[in-house]
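Here is how names work: the chains are called A, B, and so on, in the same order as the sequence lines, proteins then strands, and each is numbered from 1. The structure presented is a predicted model; accordingly, all values stated were derived computationally and were not measured.
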Amino acid sequence: MRRFHWIVPFTAVGSLVFLYVPLLAVAVFSVNASRFGLTWQGFTLKWYQRLFANEQILEAAWNTLFLAGVSTVIATVLGTVLAIGLKRYPWSRRVYTLLDINLHLPVVTPEIVFAAALAVAFGLLRMVFSVFEPGMLNMIIGHVTFQVSFVALVVGARLASISTDIEEAARDLYADNAYIMRHVMLPLLKPGIVGGAMLAFTLSLDDFVISFFTAGPTSVTLPLYIYATVRRGVTPDIHALSTLALCVTVILVMISERVTRKTNKE
Amino acid sequence: MSSHHHLVWNGELTTRLRLIRRGMYLAAPGMLWILLFLALPSLLLIVVSMTTRGDYGQIEWVFSPDNFTRLLGFSSYGWSADYLWILFRSVWVAFWSTLICVLLAYPLCFHIANRAPEKRYFWLTLIIIPFWTNLVIRAYAWLLVLAPQLPFAKFAAVLGIIPEGSPLYPSAFAVYLGMVATFLPFVAMPLYANVEKLDWALVEAAKDLYAGRARIFWHAIWPQTVPGLSVGITLTFIPAMGMFVVPDLLGGAKYMLVGNLIQQQFGTSRDWPFGAAVSLALMVLTLVGLRVQRKHSGEGGVA
């Protein structure tokens, strides 16, 4: 243990307090009996009970999970084969650079510009195909677009740590392409694929901006619902909902830490 | 390197053409997806930015540079700096938010790296949780904390900063609080990776040579943390410039940033051509930001 100037631990603990005070305030007010305003009126769990009776919230929760699930499956498949195709084949330098720029586009484009570009694209597509009305399809397409590149980057990083010798050894034993992919590459890439998929899923759950620009009236997700509600004012239902979301986040973080620590050991 | 010559690739006797074709089958679906739904729409944004808004909010395919002259402040009523001011303010807020995050992240990372190894995991989790907590919830949480009934606003009212019974939002102060809270984990996490692996022998050496605290930091610590810091700054500055949720909830019309301006054009104003022009301006600012950051992070930087 090193001894630092007192200002170091002071600022460190202060920063964490700063990060957690608002979250704790939300949790405290989620069990406050007062319907209006923010004065303490005693403990209650009725806001939580009301959540499960609120059709809109249940529908938003379902939409959020459906969107995240479907888009993660599509993005994980596309992103994994993309990473293998990009990293394991003899592309010329120039083509590789172009493909790499394309792959990084979703990561460097500011979210709001990305969302605006999608809104314009869907707006024009709508003139030809009516399926591109704002709604779940557009949201899935938008989410997959940014998830694909995160999955490909995570899987690509894992790929870089796997020597081509293994592939060569399999080839020497007369394994064909399909066999190598199924029984050599995919098992070795599994930690990367799982990590990429978890990242993609969480990014989708957390997304607000892309969803905001592509959602329709029947595809409201939880972040969109919370945003729309808090713009109208403070409600205890939202405190309960936010606290639950916070608990889910804490649990997911714990699980993902476990998983990554386990796969690192393997 | 001719394409019909045979070559051995990872133990396989094949030709370059066959390999490229197989690589293409694998990479094409994902690449085309990004091309179709981001690269091409971005180019479309350039085209749309030069069109005109119709009377009902539709796009009229009449091409003119009007949206850009409007962004620069020229209109039939004369010149006004409103839009330029919003652009400038976005860069300004992003800059100061990033700087404050960096200043807070160093002590935070040092403190965590200084815990016993088995306790670091717990402290690190304390940063990771807000990192993954939904942005809308976190921005709203600040709205709640700054409400008139809570001690912060009451205290500010006692000091005479705000009138009695009014909240601390919408204000520039609230926007900064929201921004720093949002992005602190984004700076701290990559920075911590470097701080944990810091070579303290260099610090000891600097101490032996009677270097003061500032010189120790500048010459023995800072250079070792440049890669992580550089990632953290990129992860903060770029999204901070285009941030929409935080200024929308905490700044309101009083402290509008470029993200809000873009949203407004695609929302209530229904002026897609102007919205596209503002988006392009933000894209240019982003590219300039990445450029500057890459230049200053030097060879050690990872961007």
Side-chain angles (χ1 to χ4, degrees), chain A residues 1-2 4 8-9 11-12 15-16 18-19 21-23 25-26 29 37-39 78-79 81-82 84-86 89-90 99 102 105-106 110-114 116-121 141 144-145 148-149 152 164 167-168 171-172 202 206 208-209 213 223 226-227 230 242 245-246 249-250 253, chain B residues 9-12 16 19-20 22-23 26-27 29-31 33-35 37-39 41-42 44-45 48 104 107-108 110-111 114 125-126 128-130 132-137 140-145 147 149-150 181 184 238-239 241-242 244-245 259 262 266 272 275-276 279 282-283 286 290:
Chain A
M1 291 270 265
R2 272 152 228 293
F4 290 118
V8 171
T11 316
S15 301
L16 288 173
F18 169 73
L19 287 178
V21 158
L23 301 177
V26 172
F29 283 107
L38 293 171
T39 43
L78 293 183
V81 293
L82 191 163
I84 298 173
L86 185 65
Y89 291 88
L99 292 176
N102 190 49
L105 267 186
E111 252 187 328
I112 191 112
V113 176
F114 186 175
L118 273 176
V120 169
I141 290 175
V144 170
T145 312
V148 143
S149 106
T164 52
E167 222 172 305
E168 207 163 315
R171 195 79 68 181
D172 287 347
T202 331
D206 265 348
F208 172 77
V209 175
F213 275 68
I226 295 174
Y227 174 80
V230 301
S242 302
L246 189 63
T249 309
V250 172
V253 168
Chain B
W9 183 260
N10 298 339
E12 181 190 9
R16 196 179 161 78
L19 281 172
I20 291 293
R22 207 192 306 146
L26 292 171
M31 283 294 174
W33 191 293
I34 298 174
L35 192 74
F37 296 112
L38 182 56
S42 302
L44 203 61
L45 221 47
V48 170
L104 294 178
L108 189 54
F110 278 127
H111 186 70
N114 206 23
T125 310
L126 286 182
I128 297 172
I129 289 169
W132 285 120
T133 302
N134 193 282
L135 182 59
V136 179
I137 294 178
Y140 170 67
W142 277 107
L143 206 73
L144 181 67
V145 168
Q149 297 91 335
L150 295 198
L184 181 56
I238 304 291
M241 268 196 307
F244 154 66
V245 178
I262 294 172
F266 284 91
W272 289 17
S279 303
L282 175 58
M283 198 65 215
T286 303
L290 279 173

- [ ] Name the member of L282(B), V245(B), L143(B) that forms the most heavy-atom pairs with chain A at distances under 4.5 Å.
- [x] L282(B)
Task: Most chain B-contacting option - heavy-atom pairs closer than 4.5 Å, from G79(A), G85(A), P9(A), A25(A) - done: G85(A)
Open item on the list: Between F110(B) and chain A, with a heavy-atom cut-off of 4.5 Å, which part of the residue counts as in contact: side chain, backbone, both or neither?
Closed with: both
- [ ] Could you tell me which portion of W142(B) (side chain, backbone, both or neither) has an atom closer than 4.5 angstrom to a non-hydrogen atom of chain A?
- [x] both
TODO: Let me know if E167(A) has heavy atoms under 4.5 Å from chain B in its side chain, its backbone, both or neither.
DONE: both
- [ ] Can you tell which part of V120(A) gets under 4.5 Å to a heavy atom of chain B, answering side chain, backbone, both or neither?
- [x] both
Open item on the list: With a 4.5 angstrom heavy-atom cut-off, is it the side chain or the backbone of P239(B) that approaches chain A, or both, or neither?
Closed with: neither
Task: Note, I141(A) side chain near W33(B) side chain (heavy atom, < 4.5 Å) - done: yes
Task: Shortest non-hydrogen separation from P223(A) to N134(B) and the atoms involved - done: CG-ND2, 3.4 Å
TODO: Please look at V209(A) and chain B and tell me whether the side chain, the backbone, both or neither of the residue comes under 4.5 angstrom of a heavy atom of that chain.
DONE: side chain
Open item on the list: For the interface with chain A, which of A39(B), A181(B), A147(B) has the highest count of heavy-atom pairs at distances below 4.5 Å?
Closed with: A181(B)
Open item on the list: For the CG atom of L44(B) and the CG atom of L118(A), what is their distance to the nearest 0.5 Å?
Closed with: 11.0 Å
- [ ] Would you mind checking which part of L19(A) comes under 4.5 Å of any heavy atom in chain B, side chain (CB onward), backbone (N, CA, C, O), both or neither?
- [x] side chain
Task: Atom group of I34(B) that falls short of 4.5 Å from chain A, counting heavy atoms - done: both
Open item on the list: So which atom in P110(A) and which in T286(B) form the shortest heavy-atom distance, rounded to 0.1 Å?
Closed with: CG-OG1, 3.1 Å
- [ ] To the nearest 0.5 angstrom, please state how far the CZ atom of F18(A) sits from the CG atom of L108(B).
- [x] 12.0 Å
TODO: Indicate the atoms forming the closest heavy-atom contact of A12(A) with P107(B), along with that distance.
DONE: CB-O, 3.8 Å
- [ ] Could you tell me which non-hydrogen atom of S279(B) sits nearest to which non-hydrogen atom of A116(A), and how far apart they are?
- [x] OG-CB, 3.6 Å
- [ ] Look at the aromatic rings of F244(B) and F208(A) and report parallel, tilted or perpendicular, splitting at 30° and 60°.
- [x] parallel
Open item on the list: Nearest 0.5 Å, please: how far is CG in D206(A) from CG in L135(B)?
Closed with: 8.0 Å
Task: Smallest separation among heavy atoms of G259(B) and I112(A), with atom names - done: O-CD1, 3.4 Å
Task: Most contacts with chain B, counted as non-hydrogen pairs under 4.5 angstrom, among L99(A), V21(A), L23(A) - done: L99(A)
- [ ] Go through the atoms of F4(A) and report whether side chain, backbone, both or neither lie under 4.5 Å from a heavy atom of chain B.
- [x] side chain
Task: Side-chain heavy-atom pair L246(A), I137(B) within 4.5 angstrom cut-off - done: no
- [ ] Please report the shortest heavy-atom distance between T249(A) and I129(B), naming the atom on each side.
- [x] CG2-O, 4.0 Å
Open item on the list: Tell me which of these, I238(B), V48(B), V145(B), has more heavy-atom pairs under 4.5 Å with chain A than the rest.
Closed with: V145(B)
Open item on the list: Is L104(B) in contact with chain A via its backbone, its side chain, both, or neither, using a 4.5 Å heavy-atom distance?
Closed with: both
Task: Within-4.5 Å side-chain heavy-atom neighbours: F37(B) and V148(A) - done: no
Open item on the list: Has N102(A) got a side-chain atom pairing as donor or acceptor with M31(B)'s backbone, closer than 3.5 angstrom?
Closed with: yes
- [ ] Calculate, to the nearest 0.5 Å, the distance between atoms CG and CG belonging to N10(B) and D172(A) respectively.
- [x] 10.5 Å
